[in-house]
Trainee: 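Here it is, the structure in full.
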Protein chains: 2
Amino acid sequence: MSAAPAMQLPPPPSTATAGDRLEVMNFLNEVSARYPQAISFASGRPSDSGFDLQAWLHTLPRFASYFAQRHGLAPHRALELIAQYGRTQGILDELIAAQLRHDEQVLATPERIIVTAGCQEALLLCVTELCQTKDDVILARNPSYIGITGVADTHGIEIVAFNQHACSDAHADASALQHTLLQLQAAGKRARVLYLVPDFDNPTGTLLSREAREAIVQVCAEHGIVILEDNPYGMFGFEAERVAPMAALDRHGCVIYLGTYSKTLCPALRVGFAVLPAQLFGDADAATALKERLLRRKSFCSLNTSQIGQAIVGGVLLEHGGSLQRLISAPRALYRHNRDRMLECLQHELGQCAPQVRWNTPAGGFFLVVTLPFAFTAEDAEICARQYGVLVMPLSFFAIDGGCSMQVRLAYSNVASQDIAHGIAQFAAFVRTRLEAGAVTTAAIGERCI
Amino acid sequence: MSAAPAMQLPPPPSTATAGDRLEVMNFLNEVSARYPQAISFASGRPSDSGFDLQAWLHTLPRFASYFAQRHGLAPHRALELIAQYGRTQGILDELIAAQLRHDEQVLATPERIIVTAGCQEALLLCVTELCQTKDDVILARNPSYIGITGVADTHGIEIVAFNQHACSDAHADASALQHTLLQLQAAGKRARVLYLVPDFDNPTGTLLSREAREAIVQVCAEHGIVILEDNPYGMFGFEAERVAPMAALDRHGCVIYLGTYSKTLCPALRVGFAVLPAQLFGDADAATALKERLLRRKSFCSLNTSQIGQAIVGGVLLEHGGSLQRLISAPRALYRHNRDRMLECLQHELGQCAPQVRWNTPAGGFFLVVTLPFAFTAEDAEICARQYGVLVMPLSFFAIDGGCSMQVRLAYSNVASQDIAHGIAQFAAFVRTRLEAGAVTTAAIGERCI
């Protein structure tokens, strides 16, 4: 009985390449569905323990009052207009600008903010607008969030990694980027967009240093490359000190900052946003023109972002004095606690296998990465689920062009704290069994992603 | 003071062609914003008098109970999961299938339904999935809803009218379609999609006869063309007898049925859907494969449709026994009353100008069209707003490839009933002034769109 179900699964690809990423996700979803009792370190969802949807819905009249006052309307009329079609750009511009100032060190003027149906829509709009010819290329770190690789794949846009072998080294990022740009130039291609999650990225949990951010901004400014800075995890840092977002460091006008309320509030809102620079590469008219083109695309994609979702976000922001710091302190503490617990359990279970088996210590966010001395495939993920009752993600699922085959992403954001010890013990049992069977690969030296 | 503002408007195009449609919409939005006191027959929004957002929000626990029961969850857990990320396909499949059966004569199995972020997303997904090579063409009636022409424009897909000169004649539609297909074939192009609003379409209010529907389905089935049947207005028919949707008449598996809750409930929900045929051109596997490809696209566009919006729609459906007939009876009566009032006022004000000035009598929906004996341009729309205090839409804004220049769309859905008489009197004053100045064009004979 234990082997048969695996035969019905889609074939497990060992590394992700253009076109098979969704199959990979489907594979994992099927594994999750097939082993519902397994402890999941696979899901990168926010913890739902902090969701308070019913309470948040009650803030809607508060937003309606704000909206009425802003537009000189009677309160009941504001509610009717909120339920209607609305501005393509959205109705949260002022409130998002204020929150970015309070919470993210990002100075944005309201008119530069486009509210989107989740951050994914912002990604789609920016990438499809900026990469329109067959020679236009997206740059991204390897591995990368599946939302960017998926947009590239579904729209036939080439995506190229700029950090093949050294992404944990901040300075190397910028020099690797320079090197990649030269290669692209020689191939007659043009990098138009660079996608990055500088704060505690998905899938690796890496925090990019201030120096690396500044160096990348500098290179992109010189080459006319728009940086898409995706920042879903910035408020979930575990240290007192924060590194400023690239949008805050950018003096060239090359950063489009992307945000979301999926992690700070909840995903079902589907409210994200893009903040355009005031002057795109120093040109205010170019920034305005890009905004208009993005709005045109949006108007034929989602018309406008749900004003119900926007009103809930706006109501919560108004209730909390324009900042979400207080509201996210409990989930952030939970994520920190879970990370600590996971690190402790990894040390307890696999510390003796170092340095063959090792892991990073993320300073925030939802994820950490374990590096193994052997390849960890989709098939291994299925074995972990079936025989060990634990769900994990091969990092190769996030690879842009192969690589990362000896690494595993563990998410600690949406697992019950009390399940972590058992889940890690089970994963460690799999690893030890494999090590005892002599499964050590030396071929993949230099292939590390973090 | 009256002339100066007009100078700052974007140049008013006289007919819409690829690329300038959004400029045209912006032009009208600017005119609306500039003359806020004008009576608007321009907005095709639903009446907001029927919106009851606060009450609808209270149905959310009802949906949560349904969701909990369906998935074997505790009620509080259902609410947490509703606030999370969710299935790309959505969570309303059963409820939408039941409502379609009750309200629209459409038999849909739940697994063939994809819930989308408004119907616009469904349009985008279907068109971009089905038209991927440069020779792939969208067919549509001239004039057409701006949502389809906009998708075509922003994605560089050719859109071709199939009914240039005779769209009020049902049988001629199918033969005009045959003729267009021959022309496309000769040009090495291939029609992949035919877009249609058979019930009270936007912008003309036309109802397509059962015979015309059957004939078009037949032609499309023969040529492997997918029909996108967009049906936002089907429940707003004013006659007892309804013509069955094309999806209900389709025995070939060529119709994708598109629906929305923007008109029956409210636009801010941003909940629409697509219903795929059980067998695409007779092939169940092809239908499943198309669904998977659409879901892949959706997962990189909006991830999943807001589960808050879905839960509200679901809650209202559950409260109303699965049908929205009772809930929409008041707005439907209002639209009928407004249509009658508008027809009465047109007769009173312009009846003596027949047959030079004439209009149709829509059997439902939000719109009617007035045909004039002279061209009515964007500039004329601006004059109507500025000098006559009435906002109307030149039908040329909706033209696919020119034409419709002597027609005007009047929306009666979102105007106060008591304003209709004055608004029509003002529009009629403009028309009479123009007629008295001898503004009669004979050049455009045969150019009628309806």
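What you see is a predicted model, and the numbers here were worked out from it, not measured in a lab. Below, chain A is the first sequence line, B the second, and so on; all start at residue 1.
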Trainee: Just give me the residue among B:Gln310, B:Arg45, B:Arg293, B:Glu121 that pairs up with chain A most often, heavy atom to heavy atom, under 4.5 Å.
Mentor: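 Most pairs with chain A among the choices: B:Arg45.
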Trainee: B:Ser302, B:Ala268, B:Ser43: which one forms the most heavy-atom pairs within less than 4.5 Å of chain A?
Mentor: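 Counting heavy-atom pairs under 4.5 Å, the top option is B:Ala268.
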Trainee: Given heavy-atom pairs under 4.5 angstrom as the criterion, report whether the side chain, backbone, both or neither of A:Leu269 touches chain B.
Mentor: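 Both parts, backbone and side chain.
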Trainee: Side chain, backbone, both or neither: which part of B:Ile312 has a heavy atom under 4.5 Å from chain A?
Mentor: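 Answer is side chain: those atoms of B:Ile312 sit under 4.5 Å from chain A.
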Trainee: When rounded to the nearest 0.5 angstrom, what is the spacing between CD1 in B:Ile146 and CZ in A:Phe300?
Mentor: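 Here the interatomic distance stands at 5.5 Å.
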Trainee: Quick one: NZ on B:Lys298 to OG1 on A:Thr154, what's the gap to the nearest 0.5 Å?
Mentor: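 Going from the NZ atom of B:Lys298 to the OG1 atom of A:Thr154 covers 13.5 Å.
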Trainee: What part of A:Asp52 lies closer than 4.5 angstrom to a heavy atom of chain B: side chain, backbone, both or neither?
Mentor: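 For A:Asp52, no heavy atom lies under 4.5 Å from chain B.
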Trainee: Is it the side chain or the backbone of B:Glu129 that comes within 4.5 Å of chain A heavy atoms, both, or neither?
Mentor: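 When you check distances to chain A, no heavy atom of B:Glu129 falls under 4.5 Å.
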Trainee: Chain A: which of B:Gly86, B:Ser49, B:Gly272, B:Cys301 shares the most heavy-atom pairs with it under 4.5 Å?
Mentor: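 Looking at each of B:Gly86, B:Ser49, B:Gly272, B:Cys301 in turn, B:Cys301 comes out on top.
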Trainee: Are any of the side-chain heavy atoms of A:Tyr85 and B:Arg270 separated by less than 4.5 Å?
Mentor: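 A side-chain contact exists here, since the closest heavy-atom pair is under 4.5 Å.
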Trainee: Are there residues of residues 57-68 of chain A whose heavy atoms fall under 4.5 Å of chain B's heavy atoms? If so, which?
Mentor: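 Those residues of residues 57-68 of chain A which have a heavy atom under 4.5 Å from chain B are A:Leu57, A:Leu60, A:Pro61.
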Trainee: Please flag which part of B:Thr128 lies under 4.5 Å from any non-hydrogen atom of chain A: side chain, backbone, both or neither.
Mentor: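 Contact with chain A: none, neither part.
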Trainee: If the contact rule is any heavy atom under 4.5 Å from chain A, which residues of residues 77-84 of chain B qualify, in numerical order?
Mentor: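 Listed by number, the contacting residues are B:Arg77, B:Leu79, B:Glu80, B:Leu81, B:Ile82, B:Ala83, B:Gln84.
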Trainee: Need one label for B:Leu53: side chain, backbone, both or neither, based on atoms under 4.5 Å from any heavy atom in chain A.
Mentor: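 Contact with chain A: side chain only.
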Trainee: Heavy-atom cut-off 4.5 Å, strictly under: side chain, backbone, both or neither for A:Ile148 against chain B?
Mentor: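 Answer is neither: A:Ile148 stays 4.5 Å or more from chain B.
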